[in-house]
Amino acid sequence: MPDVANLNPAATSRAEALLTVESLEAGYGEVQVLWGLSLKARRGALTAIVGANGAGKTTTLRAVAGSIAPWRGKVSFEGEDVTHLPSHAKAARGFALVPEGRQLFATMSVAENLEMGAFSKRAAGKYADRLDQVFTLFPRLAERKRQLAGTLSGGEQQMVAIARGLMSDPDILIIDELSLGLAPVVVYQLLATLKQLKEAGLTILLVEQNVHLALALSDYAYVVAEGKIFMEGLPAELAAKPEIRKAYLGL
Amino acid sequence: MLGILASIIDGVLVGLVYGLAAMGLTLIWGVMDVINLTHGAMIVAGMMALYLLANALGISPYLTLPPVLIGGFFVGVALYWIAIHRMVGRPPLMSLLSTFSVNLILIGVGTAVWGTALFNVEVSLPGITVGRYTFPGAHILAAVLAAVIAALLYVFLHYTRTGKAMRAVANNREAAELVGIPTTRVLAISVGVGVALAGVSGMLIGTLFPFTILSGDGYQLKGFIVTVLGGFGNPVGALLGGVALGLLEGMVTPFVPVSWTLVIEFALFVLVLIAFPGGIFASRRGAL
Ligand SMILES: Nc1ncnc2c1ncn2[C@@H]1O[C@H](COP(=O)(O)OP(=O)(O)OP(=O)(O)O)[C@@H](O)[C@H]1O
Ligand SMILES: [Mg+2]
């Protein structure tokens, strides 16, 4: 597989990179968290972001999705500048972020949460198919569709969060902490599904605490440290680097 | 004995209207954590619209309901953009001050135009007589209309796309944006609905009691009591809270002078706040 960084830039921007983040700076109040972070999510690939607690992974995703306003830098999606589009407009273009900490609509039922996931016009038409798909993926949610989301167990809530993201019929699915709180067997099923979705053309950008897992399943990976990309490359290359083995893989 | 029972029943009828008034307040609070201090002014606006349309144009008082509802909605949307939009997510004092300012302006203009004269809208409806007691037709119809509108609000919030989007925004605005809900528009619509409810409740109260431009404050205060009884941000609870308040008024009015009613109600308000900080009917089911 070719290294994204080695491709010629014209080809990368349109045909290859669905999402491009260039020199992103963002923060909270006076505190700057991101210091010129750049990354790409290649179309049809699974790109992983790893990094220590507080490195700025969640902040990156929130700035990219529009939950917080980027200070400087550029976010392009399908070749268009979307840096300052509000989140809901990005969702309408096929952008789905499964946020850290689930962020469910707690006093609404599971079914209503999924329905809200398909709020945008592009998703509304495929609602029934998508619902079948997520219920096949998470049969537990089908059993509990009338239950209020806030009363589900932690793992069930994570399932709703991911299912809600899938309901929006996204072109790119961005997940912050995929495996958090899920039993290994559920993580395994989920990965199998993500693989299927990827083969069907979905682009995936994943933040994952479990670096072993992230490197095992991604096509390309970034290591974030102190608000910047510290290292990037093919998972096998990264796994071979002594700094990564020591700091992130505990080897 | 029967007199007390009759007083209680009448209290419940009026309480349903109070519940409707509080629904608008609690809806706006539930969706965006803003206490809308123009609520009293909007109730009075509903009363004045009733008076002007019914007395000046000669329309039947109850036919003023649709224009008040629709007009109230647009006034609410305007209120959102003028006084609330920039305050959402800021410290609560900001929106309290901005809506309070609008309230003062509205009451000031109203006083300049109409003074503080007492207005009365005649409603001639046959009452229902049980034994020696006659329940006024206006009270019964106002209670029925309040209950119907409250039921419609419930259906709107639980069975329509926009209503569900409102509940989603109330739960988690950031997540609502992420799934594609234009949350700013939803906030504006919520204030529109909240003010429409205030206007309609004012219109209905106007068919029950005489009023002045300054009557709004008292009803706004009752709205707070009802909200505390019913649970913050819980429109279904608000209706129950209204009934509870009406029940209480029905029980005390035969025994104490009118001026003591508010004192007793606010003593209750404080007691409830101490005993049930989230409201008595604060079930998760009814919450937005
Ligand atoms: N809402 C906020 N207000 C102020 N500072 C924040 C906020 N959210 C995050 N931060 C700070 O920004 C920095 C980066 O946080 P971020 O959540 O992006 O880290 P992360 O890489 O996702 O970490 P984790 O792996 O623990 O989820 C941290 O120092 C954090 O304290
Ligand atoms: Mg994080």
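Below, chains carry the letters A, B, ... as their sequence lines are ordered, and counting in each starts from 1.
Nearest approach of B:Asn172 to A:Phe105, heavy atoms of both residues: O-CE2, 3.7 Å. Residues A:Arg62 and B:Glu174 come closest through the heavy atom pair NH2-OE1, 2.8 Å. Taking both residues in full, the closest heavy atoms of B:Gly180 and A:Phe119 are given as O-CD2, 3.5 Å, listed atom of the first, atom of the second, then distance. Taking each heavy atom of B:Leu178 and A:Ala65 in turn, the nearest pair found is CD2-CB, 3.8 Å.
Contacts of B:Ala176 with chain A are made by both backbone and side-chain atoms, with heavy-atom separations under 4.5 Å. Only the side chain of A:Glu112 comes within contact range of chain B, judged by heavy atoms closer than 4.5 Å. Within the 4.5 angstrom heavy-atom criterion, atoms from both the backbone and the side chain of B:Arg161 approach chain A. Contacts between A:Arg102 and chain B at a heavy-atom distance below 4.5 Å are absent for every atom of the residue. Proximity to chain B (any heavy atom under 4.5 Å) is shown, for A:Arg93, by neither the backbone nor the side chain.
Going from atom NE2 of B:His158 over to atom CE of A:Met108 covers 8.5 Å, rounded to the nearest 0.5 Å. Distance check: A:Ser109 OG to B:Lys164 NZ gives 8.0 Å after rounding to the nearest 0.5 Å.
At most 12 heavy atoms of other shown residues, nucleotides or ligands fall within 6.0 angstrom of atom CZ in B:Phe100. No more than 12 heavy atoms of other residues, nucleotides or ligands sit less than 6.0 Å from atom CZ of B:Phe74. Around atom NZ of A:Lys145, no more than 12 heavy atoms belonging to other residues, nucleotides or ligands sit under 6.0 Å away. Within 6.0 Å of the CZ atom in B:Arg185, the count of heavy atoms belonging to other residues, nucleotides or ligands does not exceed 12. For A:Tyr28, the OH atom sits in a packed shell: over 12 heavy atoms of surrounding residues, nucleotides or ligands are nearer than 6.0 Å.
In terms of heavy-atom pairs under 4.5 angstrom with chain B, the leader among A:Lys90, A:Arg164, A:Met167 is A:Arg164.
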Exercise for the section: Dump the intermediate steps for side chain to side chain contact (heavy atoms under 4.5 Å, CB included) on A:Thr107 and B:Arg167, then the final yes or no. Expected result: CA-CA 8 Å; A:Thr107 66; B:Arg167 287 164 57 222; 5.5 Å; no
